[in-house]
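The structure under discussion appears below in the form of structure tokens.
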Amino acid sequence: MINEMRAAIFDLDGVIVDTAKYHYLAWKRLAKELGFEFSETDNERLKGVSRMRSLEILLEVGGLTLSDEAKTAAAARKNTWYVEYITRMDASEILPGAAHYLRFIRARGVKTALGSASKNAPTILERLGITPLFDAVVDGNKVSRAKPDPEVFLRAAHELGIPPASCVVFEDADAGIEAALRAGMGAVGVGRPEVLKKADMVIGGLWQLNILFNNQAEL
Ligand code: B16
Ligand code: MG
């Protein structure tokens, strides 16, 4: 049983911003260098997945195996290109309704945290100008176990000082929904109900929550 929401924990890619398109450009470029094509359909498998696991999936698609050393170098190359793309981002790339919803709940005393697998999350929040909208940022630099392990969300709840049963997670990946449920938190899926089957409820985007309230006021 989930209590009243005292804290909201947001995934980054797919909930606050669509960085998947930049991950895709960088992975595609790496695949090309390695001599194979990487499609947008293949890229779907990388959403919410850690950088190293993403590389392993990419190599599986290309039918390649690399030494651990070569894998570390390839992941670093991909990340250099990815960072080039994200440093050009600005506030116009925040997904519809996301900043408004964050301001809306914060104004009502709800604590907010980021719970993302990305090691680049702090850079992205800075580029979007929304770092001050989060009371805690838990990213891939702070956790060792990937979703569906609940570590990222439990750490966020701990940093906020709010019990898990009073936290609600907003997530676009199935593994993230699983992680939220394992943490004993409410789970709001952002995306398609047929994909996010285990979520307590599914919305198309955070903008949908704003239409439930008077969102005329500038927050
Ligand atoms: P990085 P999220 C995830 O972000 C992305 O969805 C996933 O595609 C990416 O591989 C992962 O972050 C790690 O990102 O290479 O920047 O550390 O959905 O957990 O916010
Ligand atoms: Mg995501």
Side-chain angles (χ1 to χ4, degrees), residues 10-95 98 114-128 137-153 155 170-180 189-192 194-197 205:
F10 298 85
D11 174 54
L12 181 62
D13 177 27
V15 174
I16 304 287
V17 66
D18 176 21
T19 38
K21 60 186 178 210
Y22 299 123
H23 282 297
Y24 177 54
L25 286 176
W27 285 126
K28 200 173 146 76
R29 192 164 161 185
L30 181 69
K32 202 160 188 186
E33 267 201 11
L34 294 171
F36 63 94
E37 287 301 319
F38 189 68
S39 72
E40 257 181 276
T41 314
D42 296 326
N43 193 60
E44 284 300 307
R45 293 174 61 195
L46 310 187
K47 289 188 178 174
V49 171
S50 75
R51 194 180 305 166
M52 251 322 155
R53 182 67 199 126
S54 296
L55 175 64
E56 282 161 9
I57 295 171
L58 180 116
L59 294 174
E60 198 182 295
V61 169
L64 291 182
T65 41
L66 295 181
S67 67
D68 285 351
E69 213 170 80
K71 273 171 36 182
T72 306
R77 272 174 82 63
K78 178 267 171 180
N79 192 55
T80 306
W81 296 324
Y82 177 68
V83 169
E84 268 172 35
Y85 301 135
I86 60 170
T87 44
R88 285 186 225 131
M89 292 174 87
D90 62 29
S92 67
E93 297 204 38
I94 301 171
L95 287 174
L114 193 82
S116 166
S118 176
K119 293 185 172 165
N120 295 298
T123 310
I124 297 165
L125 294 184
E126 281 302 321
R127 293 299 311 153
L128 301 177
V137 173
V138 181
D139 60 22
N141 301 296
K142 286 189 178 175
V143 294
S144 53
R145 295 188 296 276
K147 302 166 191 174
D149 190 285
E151 185 185 12
V152 63
F153 298 138
R155 169 130 188 194
F170 296 81
E171 244 299 337
D172 73 317
D174 197 33
I177 295 293
E178 176 77 35
V190 181
R192 301 209 316 268
E194 60 275 25
V195 177
L196 305 167
K197 288 197 190 93

What side-chain donor-acceptor pairs closer than 3.5 Å can you find for residues 61-68, not counting sequence neighbours?
| residue | atom | partner | partner atom | Å |
| --- | --- | --- | --- | --- |
| Ser67 | OG | Ala70 | N | 3.1 |

Any chance you could measure [X], atom [atom1], to [Y], atom [atom2], to the nearest 0.5 Å?
X      : Y      : atom1 : atom2 : result
Asp11  : Leu114 : CG    : CG    : 7.5 Å
Tyr24  : Glu44  : OH    : CD    : 10.5 Å
Ile124 : Ile94  : CD1   : CD1   : 12.0 Å
Leu58  : Leu30  : CG    : CG    : 6.0 Å
Thr72  : Arg77  : OG1   : CZ    : 14.0 Å
Asp174 : Lys197 : CG    : NZ    : 8.0 Å

Inspect the surroundings of CD in Glu194 and state if more than 12 heavy atoms from other residues, nucleotides or ligands are less than 6.0 Å away.
-> yes
Using atom types as modelled and distance alone, determine if a side-chain donor or acceptor of [X] lies under 3.5 Å from a backbone N or O of [Y].
X      : Y      : result
Asn141 : Lys119 : yes
Arg155 : Lys142 : yes
Asp42  : Ser39  : yes
Glu151 : Arg145 : yes

Should the ring pair Phe10 and Phe170 be called parallel, tilted or perpendicular, given that the plane angle runs from 0 to 90° and is split at 30 and 60?
-> parallel
So, do [X] and [Y] sit near enough that their side-chain heavy atoms are less than 4.5 Å apart?
X      : Y      : answer
Asn120 : Arg51  : yes
Thr123 : Val83  : no
Ile86  : Arg127 : no

If you take all heavy atoms of [X] and [Y], which pair is closest and at what distance?
X      : Y      : value
Gly48  : Ala173 : CA-CB, 4.4 Å
Gly205 : Val190 : CA-CG1, 3.9 Å
Leu128 : Asp90  : CD2-O, 3.3 Å
Ala31  : Phe38  : CB-CB, 3.7 Å
Phe153 : Glu171 : CZ-OE2, 3.8 Å
Lys147 : Gly115 : NZ-O, 3.1 Å

Please table the atom pairs, donor to acceptor, closer than 3.5 Å between any side-chain atom in residues 13-23 and protein atoms at least two apart or in another chain.
| residue | atom | partner | partner atom | Å |
| --- | --- | --- | --- | --- |
| Asp13 | OD1 | Thr19 | N | 3.1 |
| Asp13 | OD1 | Thr19 | OG1 | 3.0 |
| Asp13 | OD1 | Ala20 | N | 3.0 |
| Asp18 | OD1 | Ala20 | N | 3.3 |
| Tyr22 | OH | Glu93 | OE1 | 2.9 |
| Tyr22 | OH | Glu93 | OE2 | 2.9 |
| His23 | ND1 | Lys78 | NZ | 2.8 |
| His23 | NE2 | Tyr82 | OH | 3.2 |

Does anything in residues 56-67 pair up under salt bridge (charged side-chain N to carboxylate O under 4.0 Å, His left out), and if so which pairs, sequence neighbours excluded?
-> Arg45-Glu60, Arg53-Glu56, Glu56-Lys71
